[in-house]
2 protein chains.
Amino acid sequence: MAAAKLKDVAEFAGVSIKTVSNVVRGVPGVSDATRERVLRAVRELGYRPNPSARRLRTGHSGLIGLAVPELTTPYFAELAHHVRAEAAGLGFTVLIEETLADATEELRLATGVGASLLDGVILSPLRVSPDELAPVASEFPLVLLGERSYGHDRVVADHVLIDNVAAARDATAHLAGLGRTRIAALGVDRKASDTSRQRLQGFQLALHEAGLTFDPRLAPLIENFSRHSGLLATRALAALPAGERPDAVFCFTDMLALGARRALYEAGLRVPEDVAVIGVDGSEEALYATPSLSSVIPDKAAIASLAVTCLVNRIRSKEPLPFEVHLAPYRLDARESTVGPA
Amino acid sequence: MAAAKLKDVAEFAGVSIKTVSNVVRGVPGVSDATRERVLRAVRELGYRPNPSARRLRTGHSGLIGLAVPELTTPYFAELAHHVRAEAAGLGFTVLIEETLADATEELRLATGVGASLLDGVILSPLRVSPDELAPVASEFPLVLLGERSYGHDRVVADHVLIDNVAAARDATAHLAGLGRTRIAALGVDRKASDTSRQRLQGFQLALHEAGLTFDPRLAPLIENFSRHSGLLATRALAALPAGERPDAVFCFTDMLALGARRALYEAGLRVPEDVAVIGVDGSEEALYATPSLSSVIPDKAAIASLAVTCLVNRIRSKEPLPFEVHLAPYRLDARESTVGPA
DNA sequence: GGGCGCGGTTACAACGTTGGAAATCTCGCG
DNA sequence: CGCGAGATTTCCAACGTTGTAACCGCGCCC
């Protein structure tokens, strides 16, 4: 059975196609009697609007894209979950894409797919430069997550993020508050992403405020924010002579922290007795780890809400809107991995 | 600047719209000279086909849906990742949906969205019954993951799954092989899902083969397959008097296993010395846990490949195809949580 | 040397929907 | 009893693409 179309419903109800269209879309100016009759016909025939035809005619699809580095990172999976929920509330469907941390792919997703299939895109950039993004954002609704590029002087698109400097500072201060003096920073990205730079900055700030000096050996370069990277880097830290070994590690992501925890476990170092560990992301995995890992928890629902609202505003607006930067709240959850004195 | 369309390219190249269409789609029967000219025009104008118009005309969108219970479960995130990769190779884009374990939503995703926006759907059902799915599958390309419903006698759609009975049997036999005698089964679903029933069956089979008797108290009912459920159920198990307490736990999912491991940690029981733990899914989280958790690892790439191939065949085929059931391989990875004698 | 086949190209209609304008209908009022 | 205003409904065109069928010129065969 072919799907029913407006024409079928119209014939069934004995009205014109346009009237059915009006009823379906809830356009005012249809008498109650007609509306009733049409709705019955719609139910009877199981009519569902054809999105392609609608999109072709109106120019928008009700689809927004969410492009994240990878879905298997719990943080992004959670984010995707919230974005979907938020978008659904506004009548939009979300198409989730993975960039796999590839600049070309990031750009393609922002433009290619978007331009013709999607009404707008929420992108979590990792590699693509603002220069490449700028021309895109100026003619296509685009909201960027995290990565506040190029300081405060140049905003090339809407941004939603947490205050990474403050978050890193809080986390580090928390470790210092436990009496730890040799605090490592795990997450200095070889590619020097904005997120990484900002968190390092907050780390150093807190160190300074606590009267501690920054030891570059305790801030190893890592490849990416994965468990594996955390494992490798922490193995090296654990292998340092006893006096130089860190007594605390601030990890830029929970995945790094979980890799670090595993490396410490393998090295026979206790958490938190020998080394305190804290991460960022608030993943459920950290909560169930043994010991549970402290984490700085970005309010993902708020991030999703701000991003979707912002994007939808831009989609619905006729005029070009000025770019905005939204800060989402976060909180620090101190758990078993950061208790007691060293 | 409005997006270029076929008409623009045609005018630019000095040919008809149809010829451009043919070139773009790679239809044979265009002279090299013309093709060259058209391709140059396409590049020049940055033409990209309009998917809505194409879909309206041809009746298919190149979009397939993947409906999973929730994205925040690592297993499904990984699966989504593989499905995306596989589909991309065949020229399809994947729209990921979350059912949140709601039957209505599962059905809606299989039909509603699908019928008009998607060419086909891969669904991981949890609540919806085969009776409801049967009419859908008969007129819309649908592939089911896991949940081999209603035994071997009635297949209502294509299925891709692992042999759950065998997998559970292997896992349990592995525990028995360590000399454990009081083996618990964690994952008996209150809703009696197929997956749960099959794994329980394999569990009991292995118990029988090892000469052990099934103790219902060691197979508590759980609400769902989450870490939290595993935590709650295992707390109860850990609270049993010493002689009745299990010395091993076969968890139906890694999430349950991680919750169980956490509960054992809180109760002061050592893994694997006091209690051995094994899960199913092969999530990276289990690999990095302390101790690392043994797991039965379904070949997710194979599952994705089988599912996508099967779905695409059905989409591309004109005739109705007979329903197929595909078994994907799995392997057991023994790690720290299941070593040594009790 | 005229019809034929064939590679290459084009004109036209249609996919299902919606915006805009035109048509019709319904009342109340003069 | 006719007429205008507003309410309701209808007609028409267009969105960008592709399938069908027709067209065109050219070399080839008889």
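Note on naming: letters A, B, ... go to the chains in the order of the sequence lines (proteins, then strands), and numbering restarts at 1 for each one.
- The two residues A/Arg37 and A/Gly14 make their nearest non-hydrogen contact at NH1-O, 4.1 Å.
- Following rounding to the nearest Å, B/Lys7 (NZ) and C/dC12 (P) show an atom-to-atom distance of 15 Å.
- A close approach under 4.0 Å does not occur between any side-chain nitrogen or oxygen of B/Ser16 and OP1 or OP2 of C/dA11.
- We find that CD of B/Glu36 is positioned 15 Å from P of C/dG8, with the value rounded to whole Å.
- Separating the CZ atom of B/Arg35 from the P atom of C/dG7 is a distance of 15 Å, rounded to the nearest angstrom.
- Taking atom NE2 of A/His60 as the reference point, atom P of C/dT17 lies 15 Å away to the nearest angstrom.
- If B/Lys18 and B/Arg57 are placed on DNA chain C by their nearest nucleotide, the residue sitting closer to the 5' end is B/Lys18.
- Note on B/Thr58: only backbone sugar-phosphate atoms sit closer than 4.0 angstrom, heavy atoms only; bases stay farther off.
- B/Ser317 places no side-chain N or O within donor-acceptor distance of the main-chain N or O of B/Asn313, the cut-off being under 3.5 Å.
- For the pair A/Asn22 CG and C/dG19 C1', the computed distance is 10 Å after rounding to whole Å.
- Here the P atom of nucleotide D/dC15 and the CZ atom of A/Arg54 are 19 Å apart, to the nearest Å.
- Contact annotation: A/Ser52 does not reach the phosphate of C/dC15 (side-chain N/O to OP1 or OP2, under 4.0 Å).
- If you take CD1 on A/Ile64 and CG on A/Leu142, they are separated by 12.0 Å, rounding to the nearest 0.5 Å.
- When the side-chain nitrogen and oxygen atoms of B/Arg37 are compared with OP1 and OP2 of C/dT9, none of them lie within a distance under 4.0 Å.
- Residue B/Arg25 places its side chain closer to D/dT18 than to any other of D/dT18, D/dG16, D/dT10.
- Using a 4.0 Å heavy-atom criterion, one finds that B/Thr19 contacts the bases of the nucleic acid, with or without backbone contacts as well.
- Taking atom CG of B/Leu6 as the reference point, atom P of C/dC15 lies 19 Å away to the nearest angstrom.
- Checking D/dT9, C/dT17, D/dT18 against the side-chain heavy atoms of A/Lys5 singles out C/dT17 as nearest.
- If you check the side chains of A/Ser21 and A/Arg25, you find a donor sitting under 3.5 Å from an acceptor.
- Rounding to whole angstrom units, CG of residue B/Asn50 and C1' of D/dC15 are separated by 8 Å.
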Which is it for A/Glu98 and B/His81 under the side-chain hydrogen bond (donor to acceptor under 3.5 Å, both in side chains) test, yes or no, and what are the steps along the way? CA-CA 8 Å; A/Glu98 290 179 289; B/His81 174 83; 3.0 Å; yes
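- Nearest nucleotide to the B/Leu56 side chain, out of C/dC15, C/dG19, C/dT9: C/dC15.
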